[in-house]
Structure formats: C-alpha cells, structure tokens
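Following: one structure in structure tokens, then a few remarks.
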Amino acid sequence: MHYLLIYDTAPDYLERRGEFRDAHLALAWQAVERGELLLGGATGNPPDGALLLFEATSPAVPEAFAKADPYVTNGIVTGWRVKAWNTVVGAQASTPVRPAAGGTP
C-alpha cells in the first residue's frame, strides 16, 4: 500500500532548514534503503510544504518517520498527516486496475 506523508511548513522554513537538513536527509535515505520511502521533496516555489511517498504495510511507517524527523521535532514542519493512497495505474501501482476487455487501454 502507498501512503503520502504531507507536511505543512513554517513561514521561515527556507531560512531554518539548513540547520536540520543533513539529519533530515540521513533519516530519509535510511528509509529509502529499507524500501519504505520511494520519493520525497518540497512542494511549491518557494516551498510551502512537502510530500513523501511511502510503500508500507501500514501508516505506522510514515507516522514513525514524521515523529523522528528533525524538521518536525524542531518546528519547521508545523503540521503533518498521513493519507493512504490507493494507487491503481502505473508500473508501481499497489493495486493495478486495467480496463475491462474491449475497453480503451
């Protein structure tokens, strides 16, 4: 199952993230190495949030990531939430759904 970890960032996120960025990135790459985190990054230009895509058996995996993330523990992420994402199209879809026989591919 895929899960989105959605971050809301503080207005001074860009100014403050440098202090915590290496620790945040280390945590993220460890999650990648475990096969949990597929993609992650800031949204917007300038950044106003972030999305992290996890593949896991439960929402506990992205929740544990958020609780350990230096961005969260140091207040530059002001809020976060995990949403299950039922992916149905694409090579990495967790539950692929194809068109019915005779349907448009």
Side-chain angles (χ1 to χ4, degrees):
M1 181 71 174
H2 288 124
Y3 295 92
L4 288 173
L5 174 57
I6 304 162
Y7 278 174
D8 301 316
T9 54
D12 60 352
Y13 166 77
L14 282 178
E15 294 79 17
R16 294 183 53 212
R17 79 174 175 182
E19 180 180 354
F20 310 108
R21 194 165 200 200
D22 282 344
H24 165 78
L25 290 173
L27 183 70
W29 281 106
Q30 290 166 7
V32 169
E33 291 167 6
R34 289 190 303 272
E36 299 166 347
L37 180 59
L38 303 179
L39 293 169
T43 58
N45 188 16
D48 59 1
L51 294 173
L52 295 94
L53 173 60
F54 286 81
E55 185 170 30
T57 57
S58 80
V61 171
E63 289 168 358
F65 180 94
K67 291 174 183 175
D69 189 347
Y71 283 2
V72 173
T73 59
N74 289 286
I76 63 172
V77 167
T78 58
W80 59 270
R81 59 205 170 281
V82 173
K83 293 188 92 164
W85 188 19
N86 185 27
T87 53
V88 297
V89 175
Q92 294 180 321
S94 61
T95 53
V97 176
R98 300 275 181 182
T104 305

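The first residue of the sequence shown is numbered 1, and numbering continues consecutively from there. Atoms considered below: every heavy atom in the structure, side chains included; atoms not considered: hydrogens, waters and symmetry mates.
- Here the closest heavy-atom approach between residue Ile6 and residue Leu51 is recorded as CG1-CD2, 3.7 Å.
- When all heavy atoms of Tyr3 and Ala56 are compared, the pair lying nearest together is CE1-O, 3.5 Å.
- How far CG of Leu38 is from CG of Leu53: 4.5 Å, rounded to the nearest 0.5 Å.
- For the residue pair Ser94 and Asn86, the shortest heavy atom distance occurs at OG-OD1, 4.4 Å.
- One distance of note links CH2 of Trp80 with CG of Leu5; it measures 7.0 Å at 0.5 Å rounding.
- The minimum heavy-atom distance between Gly75 and Ala10, with the atom names listed, is O-CB, 4.0 Å.
- Considering Val77, Asn74, Val72 as possible partners of Phe20, the one that fulfils the side-chain contact (heavy atoms from CB on, under 4.5 Å) test is Asn74.
- One finds the NE2 atom of His24 at 11.5 Å from the OG1 atom of Thr73 (value rounded to the nearest 0.5 Å).
- The side-chain heavy atoms of Ile76 and Thr9, taken from C-beta on, include no pair separated by under 4.5 Å.
- Gln92 and His2 get closest at one heavy-atom pair: O-CE1, 2.9 Å.
- Other residues, nucleotides and ligands place no more than 12 heavy atoms under 6.0 Å from the CZ atom of Arg98.
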* In sequence, state the C-alpha distance, the side-chain angles, and the governing distance for Tyr71 and Tyr7, and then conclude on ring-ring contact (aromatic ring centres under 6.0 Å, His included). => CA-CA 10 Å; Tyr71 283 2; Tyr7 278 174; 7.5 Å; no
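- By the 4.5 Å heavy-atom criterion applied to side chains, Pro46 and Leu14 are counted as neighbours.
- Cluster membership for Phe54 and Leu4, using ILVMFWY side-chain heavy atoms within less than 4.5 angstrom, is not shared.
- A continuous path of Ile, Leu, Val, Met, Phe, Trp and Tyr side chains, each step under 4.5 Å between heavy atoms, connects Leu39 with Trp85, placing both in one hydrophobic cluster.
- Atoms CZ and CG, from Arg17 and Asp12 in turn, are 12.5 Å apart once rounded to the nearest 0.5 Å.
- Counting only residues at least two apart or on different chains, the salt bridge (charged side-chain N to carboxylate O under 4.0 Å, His left out) pairs with a member in residues 71-93 are Asp8-Arg81.
- Val82 and Pro59 make their closest contact through CG1-CB, 4.0 Å (heavy atoms, listed as atom of the first residue, atom of the second, distance).
- Taking OH of Tyr13 as the reference point, atom OG1 of Thr78 lies at 11.5 Å (rounded to 0.5 Å).
- Placement of Val32 and Met1 within a single hydrophobic cluster is found when ILVMFWY residues are connected by side-chain heavy-atom separations under 4.5 Å, directly or transitively.
- Using a 4.5 Å cut-off on side-chain heavy atoms (C-beta onward), Leu52 and Pro62 make no contact.
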